Amino acid sequence: MSSNILFSFLGNEDITEKLAIKLNASVGQVLFRKFPDGESYVRILSDIKDKNVVLICTLHQPNDKFISLYFFSKTAKSLGVKTVCLVAPYLSYMRQDKIFHPGEGVTSKYFGELVSEFFDGIVTIDPHLHRVRSLSSVYSIPNMVLHAAQEISKWIELNVSDPVLIGPDEESKNWVSLVAKNANAPFIILNKTRYGDRKVKIELPDLEMYNDKTPVLVDDIISTARTMIEVVENLKDTKMKAAIVIGIHAIFAGNAYQKLIDSGVGSIVTCNTIPHPTNEINISDELGKGIQQLLQKLN
Ligand code: R5P
(Lines give C-alpha, C1' and ligand atoms only; values in the text may rest on other atoms or scores of the structure.)
Protein backbone atom coordinates (compact mmCIF):
# COMPACT_ATOMS: atom_id res chain seq x y z
CA MET A 1 0.00 0.00 0.00
CA SER A 2 1.25 3.53 -0.88
CA SER A 3 2.68 5.45 2.06
CA ASN A 4 1.37 8.71 0.62
CA ILE A 5 -2.15 9.85 1.41
CA LEU A 6 -3.89 12.97 0.12
CA PHE A 7 -6.61 14.93 1.91
CA SER A 8 -8.84 17.58 0.42
CA PHE A 9 -9.88 20.69 2.26
CA LEU A 10 -13.50 21.66 1.48
CA GLY A 11 -13.82 22.78 -2.15
CA ASN A 12 -10.57 21.15 -3.33
CA GLU A 13 -12.07 17.73 -4.12
CA ASP A 14 -11.73 17.92 -7.90
CA ILE A 15 -8.02 18.71 -8.02
CA THR A 16 -7.35 16.26 -5.16
CA GLU A 17 -8.94 13.42 -7.17
CA LYS A 18 -6.83 14.34 -10.23
CA LEU A 19 -3.66 14.37 -8.11
CA ALA A 20 -4.49 11.07 -6.41
CA ILE A 21 -4.72 9.39 -9.84
CA LYS A 22 -1.43 10.91 -11.00
CA LEU A 23 0.39 10.00 -7.79
CA ASN A 24 -1.27 6.62 -7.39
CA ALA A 25 -2.17 7.67 -3.84
CA SER A 26 -5.37 7.25 -1.86
CA VAL A 27 -7.63 10.08 -0.74
CA GLY A 28 -8.15 10.06 3.03
CA GLN A 29 -11.34 10.75 4.92
CA VAL A 30 -11.46 13.89 7.03
CA LEU A 31 -14.25 15.91 8.56
CA PHE A 32 -13.93 19.69 8.54
CA ARG A 33 -16.88 21.45 10.09
CA LYS A 34 -17.88 24.32 12.34
CA PHE A 35 -19.38 24.04 15.83
CA PRO A 36 -22.63 26.00 16.26
CA ASP A 37 -20.65 28.90 17.74
CA GLY A 38 -18.43 29.15 14.64
CA GLU A 39 -15.36 27.44 16.10
CA SER A 40 -13.59 25.00 13.76
CA TYR A 41 -13.60 21.20 14.13
CA VAL A 42 -11.28 18.72 12.39
CA ARG A 43 -11.43 14.94 12.61
CA ILE A 44 -9.11 12.69 10.58
CA LEU A 45 -10.90 9.40 9.94
CA SER A 46 -8.27 7.50 7.89
CA ASP A 47 -5.28 5.63 9.26
CA ILE A 48 -2.28 7.93 8.68
CA LYS A 49 0.35 6.48 11.02
CA ASP A 50 3.83 6.53 9.41
CA LYS A 51 2.45 8.02 6.17
CA ASN A 52 3.29 11.11 4.18
CA VAL A 53 0.17 13.19 4.51
CA VAL A 54 -0.58 15.85 1.92
CA LEU A 55 -3.38 18.36 2.46
CA ILE A 56 -4.68 20.11 -0.66
CA CYS A 57 -6.05 23.53 0.19
CA THR A 58 -5.92 26.47 -2.16
CA LEU A 59 -5.65 29.67 -0.17
CA HIS A 60 -7.93 32.36 -1.59
CA GLN A 61 -9.93 33.81 1.31
CA PRO A 62 -7.29 32.36 3.62
CA ASN A 63 -8.44 33.72 6.98
CA ASP A 64 -11.43 31.37 7.08
CA LYS A 65 -9.26 28.34 6.36
CA PHE A 66 -6.16 29.04 8.36
CA ILE A 67 -7.20 27.66 11.75
CA SER A 68 -8.44 24.41 10.14
CA LEU A 69 -5.05 23.96 8.44
CA TYR A 70 -3.34 24.39 11.79
CA PHE A 71 -5.66 21.96 13.56
CA PHE A 72 -5.29 19.44 10.71
CA SER A 73 -1.49 19.50 10.80
CA LYS A 74 -1.22 19.33 14.58
CA THR A 75 -3.79 16.50 14.72
CA ALA A 76 -1.98 14.59 11.94
CA LYS A 77 1.30 14.90 13.84
CA SER A 78 -0.38 13.69 17.04
CA LEU A 79 -1.46 10.58 15.09
CA GLY A 80 2.15 9.68 14.21
CA VAL A 81 2.53 10.70 10.57
CA LYS A 82 5.89 10.64 8.81
CA THR A 83 5.44 14.09 7.26
CA VAL A 84 2.57 16.50 6.72
CA CYS A 85 2.71 18.87 3.76
CA LEU A 86 0.50 21.59 2.35
CA VAL A 87 -0.35 21.90 -1.33
CA ALA A 88 -1.72 25.41 -1.88
CA PRO A 89 -2.14 25.85 -5.65
CA TYR A 90 -2.80 29.53 -4.88
CA LEU A 91 -0.70 30.90 -2.05
CA SER A 92 -2.16 33.91 -0.25
CA TYR A 93 -0.58 36.97 1.35
CA MET A 94 2.33 37.13 -1.09
CA ARG A 95 1.63 40.63 -2.40
CA GLN A 96 2.43 42.57 0.79
CA ASP A 97 6.12 41.84 0.25
CA LYS A 98 7.38 45.25 1.31
CA ILE A 99 6.40 48.19 3.45
CA PHE A 100 4.41 50.43 1.11
CA HIS A 101 3.27 52.90 3.82
CA PRO A 102 4.68 53.74 7.26
CA GLY A 103 3.15 51.57 9.97
CA GLU A 104 2.73 48.47 7.79
CA GLY A 105 4.57 45.17 8.14
CA VAL A 106 5.86 42.69 5.58
CA THR A 107 2.93 40.35 6.12
CA SER A 108 3.97 37.89 3.38
CA LYS A 109 6.87 37.03 5.66
CA TYR A 110 4.74 36.82 8.81
CA PHE A 111 2.30 34.47 7.10
CA GLY A 112 5.17 32.34 5.75
CA GLU A 113 6.70 32.09 9.21
CA LEU A 114 3.42 30.92 10.71
CA VAL A 115 2.76 28.23 8.08
CA SER A 116 6.39 27.06 8.29
CA GLU A 117 5.89 26.36 11.98
CA PHE A 118 3.40 23.56 11.50
CA PHE A 119 3.84 22.09 7.99
CA ASP A 120 6.93 20.10 6.89
CA GLY A 121 6.82 21.27 3.27
CA ILE A 122 4.77 23.30 0.83
CA VAL A 123 3.97 23.12 -2.91
CA THR A 124 2.44 25.96 -4.88
CA ILE A 125 1.93 27.33 -8.39
CA ASP A 126 3.27 30.75 -9.40
CA PRO A 127 3.25 32.51 -6.04
CA HIS A 128 3.53 36.29 -6.40
CA LEU A 129 7.33 36.50 -6.36
CA HIS A 130 8.38 39.87 -7.66
CA ARG A 131 10.49 41.92 -5.30
CA VAL A 132 11.16 38.71 -3.32
CA ARG A 133 12.75 36.29 -5.78
CA SER A 134 12.55 32.99 -3.90
CA LEU A 135 9.85 31.36 -1.80
CA SER A 136 12.62 30.18 0.54
CA SER A 137 13.07 33.80 1.67
CA VAL A 138 9.49 33.69 2.95
CA TYR A 139 9.00 30.02 3.94
CA SER A 140 11.67 28.25 6.00
CA ILE A 141 10.38 24.74 5.13
CA PRO A 142 11.27 22.74 1.97
CA ASN A 143 9.15 24.07 -0.89
CA MET A 144 8.41 23.47 -4.56
CA VAL A 145 7.37 26.36 -6.76
CA LEU A 146 5.74 25.26 -10.01
CA HIS A 147 4.71 27.23 -13.04
CA ALA A 148 1.61 27.35 -15.20
CA ALA A 149 3.48 28.94 -18.14
CA GLN A 150 3.84 25.78 -20.22
CA GLU A 151 0.16 24.84 -19.94
CA ILE A 152 -0.88 28.42 -20.74
CA SER A 153 1.35 28.45 -23.84
CA LYS A 154 -0.18 25.14 -24.99
CA TRP A 155 -3.68 26.57 -24.55
CA ILE A 156 -2.79 29.68 -26.57
CA GLU A 157 -1.23 27.61 -29.36
CA LEU A 158 -4.34 25.45 -29.58
CA ASN A 159 -6.95 28.18 -29.28
CA VAL A 160 -5.67 31.54 -30.56
CA SER A 161 -4.52 32.41 -34.03
CA ASP A 162 -1.98 35.21 -34.36
CA PRO A 163 -1.75 36.20 -30.69
CA VAL A 164 0.19 39.08 -29.21
CA LEU A 165 0.68 38.63 -25.47
CA ILE A 166 0.21 41.61 -23.20
CA GLY A 167 1.50 41.82 -19.63
CA PRO A 168 -0.33 44.58 -17.75
CA ASP A 169 2.60 45.62 -15.57
CA GLU A 170 6.29 45.14 -14.92
CA GLU A 171 5.48 42.41 -12.35
CA SER A 172 3.96 40.23 -15.05
CA LYS A 173 7.11 40.26 -17.19
CA ASN A 174 8.55 36.99 -15.81
CA TRP A 175 5.63 34.77 -16.75
CA VAL A 176 4.42 36.69 -19.83
CA SER A 177 7.85 36.50 -21.49
CA LEU A 178 8.04 32.77 -20.75
CA VAL A 179 4.51 32.06 -22.00
CA ALA A 180 5.24 34.09 -25.16
CA LYS A 181 8.49 32.22 -25.82
CA ASN A 182 6.82 28.81 -25.53
CA ALA A 183 3.87 29.92 -27.67
CA ASN A 184 6.13 31.52 -30.32
CA ALA A 185 4.29 34.81 -29.96
CA PRO A 186 5.42 38.41 -29.54
CA PHE A 187 4.77 40.16 -26.23
CA ILE A 188 4.59 43.65 -24.78
CA ILE A 189 4.68 44.78 -21.16
CA LEU A 190 2.64 47.82 -20.07
CA ASN A 191 3.20 50.32 -17.28
CA LYS A 192 0.68 50.29 -14.45
CA THR A 193 0.27 52.79 -11.64
CA ARG A 194 -1.81 51.63 -8.69
CA TYR A 195 -3.64 54.34 -6.75
CA GLY A 196 -5.58 52.05 -4.42
CA ASP A 197 -7.05 48.53 -4.03
CA ARG A 198 -9.56 49.20 -6.81
CA LYS A 199 -7.89 51.99 -8.78
CA VAL A 200 -5.19 51.45 -11.38
CA LYS A 201 -4.11 53.40 -14.43
CA ILE A 202 -2.50 51.78 -17.45
CA GLU A 203 -1.51 53.57 -20.60
CA LEU A 204 -1.06 51.77 -23.91
CA PRO A 205 1.85 52.45 -26.26
CA ASP A 206 1.21 52.66 -30.00
CA LEU A 207 -0.04 49.17 -30.95
CA GLU A 208 -0.73 49.80 -34.64
CA MET A 209 1.75 47.17 -35.78
CA TYR A 210 -0.37 44.54 -33.95
CA ASN A 211 -3.73 45.56 -35.47
CA ASP A 212 -4.25 42.18 -37.16
CA LYS A 213 -3.39 40.17 -34.04
CA THR A 214 -5.48 38.88 -31.15
CA PRO A 215 -4.50 40.53 -27.86
CA VAL A 216 -4.04 37.98 -25.07
CA LEU A 217 -3.66 39.55 -21.63
CA VAL A 218 -1.78 37.36 -19.16
CA ASP A 219 -1.44 38.02 -15.43
CA ASP A 220 -0.87 35.91 -12.32
CA ILE A 221 -3.81 37.07 -10.20
CA ILE A 222 -7.23 38.43 -11.11
CA SER A 223 -8.60 39.85 -7.88
CA THR A 224 -10.76 42.96 -8.31
CA ALA A 225 -10.08 42.57 -12.08
CA ARG A 226 -9.41 46.33 -12.25
CA THR A 227 -6.02 45.66 -13.86
CA MET A 228 -7.53 43.56 -16.65
CA ILE A 229 -10.55 45.85 -17.10
CA GLU A 230 -8.30 48.90 -17.50
CA VAL A 231 -6.34 47.19 -20.30
CA VAL A 232 -9.46 45.79 -22.01
CA GLU A 233 -11.07 49.23 -22.02
CA ASN A 234 -7.95 50.92 -23.40
CA LEU A 235 -7.70 48.30 -26.13
CA LYS A 236 -11.13 49.33 -27.42
CA ASP A 237 -9.45 52.49 -28.79
CA THR A 238 -7.26 50.33 -31.05
CA LYS A 239 -8.25 48.31 -34.12
CA MET A 240 -7.35 45.03 -32.46
CA LYS A 241 -9.82 42.16 -31.93
CA ALA A 242 -11.60 41.71 -28.56
CA ALA A 243 -9.08 40.70 -25.92
CA ILE A 244 -8.67 37.24 -24.42
CA VAL A 245 -7.88 37.46 -20.73
CA ILE A 246 -5.84 34.72 -19.07
CA GLY A 247 -5.27 34.67 -15.31
CA ILE A 248 -3.45 31.98 -13.40
CA HIS A 249 -5.34 32.50 -10.12
CA ALA A 250 -9.08 33.23 -10.44
CA ILE A 251 -9.75 35.08 -7.19
CA PHE A 252 -12.49 37.34 -8.62
CA ALA A 253 -13.24 39.32 -5.44
CA GLY A 254 -16.91 40.30 -5.05
CA ASN A 255 -18.51 41.02 -8.44
CA ALA A 256 -15.18 41.25 -10.29
CA TYR A 257 -16.03 38.42 -12.70
CA GLN A 258 -19.25 40.10 -13.86
CA LYS A 259 -17.48 43.45 -14.17
CA LEU A 260 -14.79 41.88 -16.35
CA ILE A 261 -17.45 40.26 -18.57
CA ASP A 262 -19.23 43.63 -18.85
CA SER A 263 -16.00 45.36 -19.91
CA GLY A 264 -16.35 43.84 -23.38
CA VAL A 265 -13.70 41.16 -23.10
CA GLY A 266 -13.59 38.43 -25.81
CA SER A 267 -13.15 35.55 -23.37
CA ILE A 268 -11.82 34.82 -19.90
CA VAL A 269 -9.68 31.77 -19.16
CA THR A 270 -8.00 30.71 -15.92
CA CYS A 271 -5.98 27.81 -14.50
CA ASN A 272 -7.58 25.42 -12.01
CA THR A 273 -5.57 26.66 -9.02
CA ILE A 274 -8.82 28.11 -7.64
CA PRO A 275 -12.10 26.45 -8.67
CA HIS A 276 -14.02 28.76 -11.05
CA PRO A 277 -16.22 28.32 -14.17
CA THR A 278 -13.39 29.82 -16.28
CA ASN A 279 -10.90 27.05 -15.36
CA GLU A 280 -9.92 25.83 -18.83
CA ILE A 281 -6.24 25.22 -18.15
CA ASN A 282 -5.43 22.17 -16.05
CA ILE A 283 -2.21 22.46 -14.02
CA SER A 284 -2.54 19.17 -12.12
CA ASP A 285 0.31 17.52 -14.09
CA GLU A 286 2.75 20.18 -12.87
CA LEU A 287 1.38 19.99 -9.35
CA GLY A 288 1.68 16.20 -9.29
CA LYS A 289 5.35 16.37 -10.33
CA GLY A 290 6.01 18.98 -7.65
CA ILE A 291 4.44 16.88 -4.89
CA GLN A 292 6.50 13.88 -5.94
CA GLN A 293 9.71 15.93 -5.84
CA LEU A 294 8.88 17.42 -2.45
CA LEU A 295 8.16 14.01 -0.93
CA GLN A 296 11.47 12.69 -2.32
CA LYS A 297 13.27 15.64 -0.71
CA LEU A 298 11.61 14.95 2.64
CA ASN A 299 12.04 11.15 2.81
C1 R5P B 1 -0.10 42.56 -9.00
O2 R5P B 1 1.01 42.99 -9.19
C3 R5P B 1 -0.57 41.31 -9.63
O4 R5P B 1 0.35 40.76 -10.52
C5 R5P B 1 -1.90 41.52 -10.33
O6 R5P B 1 -1.72 42.40 -11.42
C7 R5P B 1 -2.90 42.12 -9.38
O8 R5P B 1 -2.93 41.38 -8.21
C9 R5P B 1 -4.28 42.17 -10.00
O10 R5P B 1 -5.16 42.70 -9.06
P11 R5P B 1 -6.56 43.29 -9.48
O12 R5P B 1 -7.29 42.21 -10.22
O13 R5P B 1 -7.21 43.62 -8.16
O14 R5P B 1 -6.30 44.49 -10.32
Side-chain angles (χ1 to χ4, degrees), residues 58-63 88-101 104 106-109 111-112 124-135 137-138 145-149 152 165-180 187-204 215-235 243-271 273-279 281 283:
T58 201
L59 282 176
H60 61 305
Q61 296 174 354
N63 298 1
Y90 170 67
L91 189 55
S92 53
Y93 283 117
M94 289 297 290
R95 284 177 290 174
Q96 182 77 25
D97 57 358
K98 74 165 203 174
I99 294 171
F100 296 93
H101 304 286
E104 293 176 351
V106 183
T107 50
S108 59
K109 188 129 180 65
F111 189 72
T124 187
I125 298 268
D126 289 308
H128 190 79
L129 291 170
H130 177 57
R131 284 163 284 261
V132 175
R133 285 282 169 202
S134 149
L135 196 65
S137 326
V138 186
V145 170
L146 308 156
H147 303 284
I152 296 176
L165 271 60
I166 301 180
D169 53 27
E170 197 50 36
E171 303 186 14
S172 64
K173 190 170 177 184
N174 287 347
W175 45 89
V176 174
S177 55
L178 197 61
V179 171
F187 73 94
I188 49 175
I189 303 295
L190 308 177
N191 278 319
K192 172 171 95 180
T193 312
R194 185 173 281 283
Y195 296 100
D197 290 349
R198 292 169 192 276
K199 193 157 185 231
V200 298
K201 187 145 184 54
I202 300 173
E203 273 160 30
L204 297 192
V216 182
L217 318 188
V218 182
D219 205 358
D220 59 342
I221 298 169
I222 308 179
S223 178
T224 65
R226 280 312 316 168
T227 300
M228 293 301 202
I229 291 170
E230 178 76 5
V231 184
V232 170
E233 285 180 345
N234 279 330
L235 282 171
I244 296 174
V245 162
I246 302 184
I248 300 173
H249 305 297
I251 295 185
F252 290 116
N255 60 355
Y257 180 45
Q258 190 56 48
K259 288 208 155 155
L260 184 55
I261 293 173
D262 296 344
S263 72
V265 70
S267 53
I268 306 168
V269 173
T270 61
C271 302
T273 60
I274 296 174
H276 192 265
T278 54
N279 288 168
I281 302 173
I283 45 69

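Keep in mind it's a predicted model, so treat the numbers as computed, not measured. First listed ligand is number 1; within each ligand, the first listed atom is number 1.
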Please check if the distance between the ring centroids of His60 and Tyr90 is under 6.0 Å.
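When the ring centroids of His60 and Tyr90 are compared, they turn out to be at least 6.0 Å apart.
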Does [X], backbone or side chain, put an N or O under 3.5 Å from an N or O of ligand 1?
X: Glu171; result: yes
X: Thr224; result: yes
X: Ala225; result: yes

Got the closest protein heavy atom to atom 8 (O) of ligand 1, with its distance?
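Of the protein heavy atoms, Arg95 NH1, 2.7 Å lies nearest.
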Which part of [X] is near ligand 1, with near meaning a heavy atom under 4.0 Å away: side chain, backbone, both or neither?
X: Lys192; answer: side chain
X: His130; answer: neither
X: Met94; answer: neither

Quick check on side-chain contact (heavy atoms from CB on, under 4.5 Å): which of Val232, Leu217, Ile246, Leu260 does Ile268 satisfy it with?
Leu260
Show me which atoms of ligand 1 lie under 4.0 Å from any heavy atom of [X].
X: Ile222; value: 12 (O)
X: Asp169; value: 2 (O), 6 (O)
X: His128; value: 1 (C), 2 (O), 3 (C), 4 (O)

With a cutoff of 4.0 Å, is Val200 in contact with ligand 1, counting heavy atoms of the residue only?
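Judged by the 4.0 Å heavy-atom criterion, Val200 does not count as contacting ligand 1.
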Any atom of ligand 1 sitting under 4.0 Å from a heavy atom of Arg194?
yes
Side chains of Thr270 and Asn279: is there a donor and an acceptor less than 3.5 Å apart?
yes
Classify the ring geometry between Tyr257 and His276 as parallel (under 30°), tilted (30 to 60°) or perpendicular (over 60°).
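It falls in the perpendicular class, over 60°.
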Nearest-option assignment for atom 3 (C) of ligand 1, heavy atoms, candidates Ile248, Leu260, Asp220, Ile221:
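Selected option, by shortest heavy-atom distance: Asp220.
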